[in-house]
Amino acid sequence: MLLAPIPRSPFNASLLLALALAPGAFAATPQHALEGAIEAEWQAWHGTTKSASEVAAAVQLDGTSVFTTGRTRTMNSSSGQWLTAAFDASGGAELWRALYPGERAHGQEAIDLALGSDRVFVAGRLAETGGFQSDLGLVAYSKAAGTKLWEVSMTGSGAQVPAAVAATASAVCVVGTDGKDLLVTVRSPLDGSDLWTKLLDGGADDSGRDLACSVDGTTLFVVGRSVVAGQGGGIVAAYDLGTGSLLWSQQPASSTYLGELRTLAQAPDGARLFVAGDLGTNDDILCYDAGSGALLWSAGFDGTSPWYRNVEAIAPSADSSRVFVTGVSSSVGGKAELRTMCLDASSGTVVWNREWIGPAPCLLAEGGVDLAVNPSDGNVHVTGIGCTGSNGNDWVTIVHDPVNGFERWARFHGGLGEDAPTAIASSATRTVVVGGQHGGLTEDDLVVQSMVASSGLDEWSASIDLTVPANDILADLCASSDGTLVFATGEACCGQSAELFGIDASNGGVIWSASPSHASDARGDSVVATTAAVYSSGRADGASYLASHARNSGSEFWHQALPGAPLGGAIAVQLAASPDETRLFTTTATGLEASASHDYTTSA
């Protein structure tokens with residue numbers, strides 16, 4: 001008998017035997033019960049823990065503590081959890097960490113955090129049933145101990161994905177997408193209850209990228225992307241924070257489908273709203289009247305017409321006279337470089353324009369990722385990707401004089417591979433950068449690096465490197481016709497090898513295990529048994545395969561490739577034998593094509 005595949009789910013043998021031997025049992029067994037019953041024994045076959053990959057997504061300082069959030073994920077897998085942690089700002093000691101939700105699932109990750117007076121608010125993605133869509137999640141932790149105070153989620157017909165979160169004394173605000181429209185939701189900081197939620201439909205495929213609460217606490221500003229008539233473009237809007245009423249919105253055009261606005265900041269005096277992104281024009285930086293939404297001026301990132309440009313972060317000076325931006329830009333045929341600019345806030349005139357070039361070529365483009373203006377001396381602190389030439393791409397932190405852009409100091413930090421920072425924060429005394437660094441050849445560690453703000457000297461560094469339950473996958477199982485054996489196929493953690501197991505039906509003991517003889521990177525997808533052999537199909541080295549094994553020992557009789565391998569390889573999703581056991585039938589999903597059926601003789 002062939003059961004429907006159980007895609008990418010941890011697995012457990014005692015219940016497997018019942019399912020394989022009892023017709024109809026699967027339909028009556030809840031999915032969570034199946035996963036819970038099977039996980040222990042399947043994990044035991046492969047080892048219970050594997051190395052995980054951790055990357056930070058955001059960082060905030062509150063004077064005494066550093067807070068960061070991101071994700072932890074099983075290597076070479078999309079199965080993950082949110083990871084939020086707090087560190088002592090003076091010495092880097094870890095104060096607390098929190099994993100959320102309780103189980104790993106496809107695509108789960110924290111995306112941003114915001115601080116309240118005594119709480120940390122984290123927004124991120126939660127996996128939907130099946131793991132291919134997502135729900136929007138919002139969690140509140142206590143600042144002092146990391147205790148989870150409340151949690152809420154939003155489910156819709158599409159992928160609910162947050163992009164940013166901001167908080168005031170009376171509201172926690174999240175912007176993102178519901179899969180079609182730009183989504184804004186405002187929640188109570190006390191219990192997460194819904195104060196108001198709005199969808200902004202600027203055309204099609206609308207999504208939020210960033211948000212900010214006004215300096216007087218009455219208005220919520222959001223920016224993002226909107227597609228109109230097949231053409232991408234930016235969107236910027238202002239809402240009444242108390243009622244959710246739309247006050248004004250603008251949609252600056254873009255010359256490319258991928259055009260968008262991705263960052264914003266209000267001048268401290270409240271008069272102007274600065275937004276930036278990649279519109280594919282020479283107007284990637286725009287300034288609006290914060291009250292009316294009237295466009296005051298626009299400027300190009302780099303002041304010319306580069307072949308490629310992308311503004312990643314924007315921040316005003318404390319006196320509201322200047323605005324700073326950073327990102328990546330390149331001339332036609334040129335190398336992408338990290339660029340930081342200063343513009344006059346009243347006119348958009350370029351005050352200074354600094355291109356930073358590292359001492360060695362990068363495998364990835366050099367570029368600015370985030371910036372912060374130091375509240376004490378006004379210096380512009382930028383973090384991004386740079387290269388020293390020794391260990392691939394590294395973090396680079398550069399500090400510019402706000403008046404003339406001269407470099408005050410620059411520091412490199414990195415691991416053993418391609419490293420990337422994600423966020424920066426600066427206080428009067430220290431600058432903190434977070435991101436992911438390779439702790440080895442195959443994993444990232446979440447790293448927090450603190451430097452003295454005035455000199456760039458290293459103050460302390462902290463990292464989180466987790467091991468997680470192995471992400472081993474049961475894909476299919478069947479029973480022999482006499483009921484004495486159960487055969488199961490799937491994948492050992494991280495795509496390292498496909499596995500086929502012969503199991504004693506009377507006690508669940510593993511009699512034999514086998515892997516494809518022709519490939520090292522494989523996943524089993526389907527299995528069927530006849531009186532003569534057991535047959536398995538799956539994916540190996542970018543193509544699909546079919547193999548025959550001895551029922552009692554697992555020895556391989558033969559294997560052959562299945563046709564079609566677009567987009568990285570076809571996957572055999574179903575396998576069956578004819579009643580007379582002379583032919584095998586497979587159905588393969590081949591990239592963007594619907595499906596193709598093939599039949600094969602059961603002998604080589």
Could you pull out the closest heavy-atom pair between [X] and [Y], with the gap in Å?
{"X": "P162", "Y": "G124", "result": "CG-O, 3.2 Å"}
{"X": "V527", "Y": "C478", "result": "O-SG, 3.9 Å"}
{"X": "M154", "Y": "T197", "result": "CE-CG2, 3.9 Å"}
{"X": "A57", "Y": "A110", "result": "CB-O, 3.8 Å"}
{"X": "I464", "Y": "E94", "result": "CG1-OE1, 4.0 Å"}
{"X": "L546", "Y": "L575", "result": "CD1-CD1, 3.8 Å"}

[X] side chain vs [Y] backbone, donor-acceptor pair below 3.5 Å:
{"X": "D525", "Y": "S537", "answer": "no"}
{"X": "W512", "Y": "R551", "answer": "yes"}
{"X": "E581", "Y": "T531", "answer": "yes"}
{"X": "S513", "Y": "L500", "answer": "no"}
{"X": "Q108", "Y": "Q81", "answer": "no"}
{"X": "S548", "Y": "F557", "answer": "no"}
{"X": "H559", "Y": "A547", "answer": "no"}

At what distance, to the nearest 0.5 angstrom, does [atom1] of [X] lie from [atom2] of [Y]?
{"X": "T530", "Y": "R583", "atom1": "OG1", "atom2": "CZ", "value": "14.5 Å"}
{"X": "L200", "Y": "D181", "atom1": "CG", "atom2": "CG", "value": "7.5 Å"}
{"X": "S153", "Y": "Q160", "atom1": "OG", "atom2": "CD", "value": "9.5 Å"}
{"X": "S526", "Y": "Y535", "atom1": "OG", "atom2": "OH", "value": "13.5 Å"}
{"X": "D370", "Y": "E312", "atom1": "CG", "atom2": "CD", "value": "9.0 Å"}
{"X": "S536", "Y": "F501", "atom1": "OG", "atom2": "CZ", "value": "12.0 Å"}

Determine whether [X] and [Y] make a side-chain contact, defined as any pair of heavy atoms from C-beta on separated by less than 4.5 Å.
{"X": "L477", "Y": "V486", "result": "yes"}
{"X": "V59", "Y": "V448", "result": "no"}
{"X": "L126", "Y": "P101", "result": "yes"}

Item to complete: Kindly assign one of parallel, tilted or perpendicular to the pair Y100 and W82, based on the angle between their ring planes and the thresholds 30° and 60°.
Response: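 Ring orientation, 0 to 90° scale: perpendicular.
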Fill in: Worked verdict on L183 versus T177 for side chain to side chain contact (heavy atoms under 4.5 Å, CB included)
CA-CA 5 Å; L183 169 69; T177 180; 5.5 Å; no
Item to complete: Could you go through the side chain to side chain contact (heavy atoms under 4.5 Å, CB included) check for V528 and L584 one step at a time?
Response: CA-CA 9 Å; V528 65; L584 297 172; 4.2 Å; yes
Worksheet item: Can you tell me if CG on D194 sees more than 12 non-hydrogen neighbours from other groups inside 6.0 Å?
Response: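 Above 12, so yes.
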Practice prompt. Could I get the full list of side-chain hydrogen bond (donor to acceptor under 3.5 Å, both in side chains) partners for R187, not counting sequence neighbours?
Written response: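 Result, side-chain hydrogen bond (donor to acceptor under 3.5 Å, both in side chains) vs R187: T185.
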Fill in: E109: partners by side chain to side chain contact (heavy atoms under 4.5 Å, CB included), with sequence neighbours left out
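Side chain to side chain contact (heavy atoms under 4.5 Å, CB included) list for E109, sorted by chain: R71, R73, I111, R125.
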Discussion item. Checking T84 now: which residues fulfil side chain to side chain contact (heavy atoms under 4.5 Å, CB included) with it, not counting sequence neighbours?
Written reply: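 T69, W96, V122, Y141.
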Worksheet item: I235 and L261: side chain to side chain contact (heavy atoms under 4.5 Å, CB included), yes or no, with the steps?
Response: CA-CA 7 Å; I235 189 166; L261 294 174; over 6 Å; no
Fill in: Qualifying residue for side-chain contact (heavy atoms from CB on, under 4.5 Å) with L182, from V222, V223, L199
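When V222, V223, L199 are each tested with L182, the side-chain contact (heavy atoms from CB on, under 4.5 Å) holds only for V222.
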Practice prompt. Go through the steps for L99 and L83 under the test side chain to side chain contact (heavy atoms under 4.5 Å, CB included), then give the verdict.
Written response: CA-CA 5 Å; L99 291 173; L83 171 60; 3.7 Å; yes
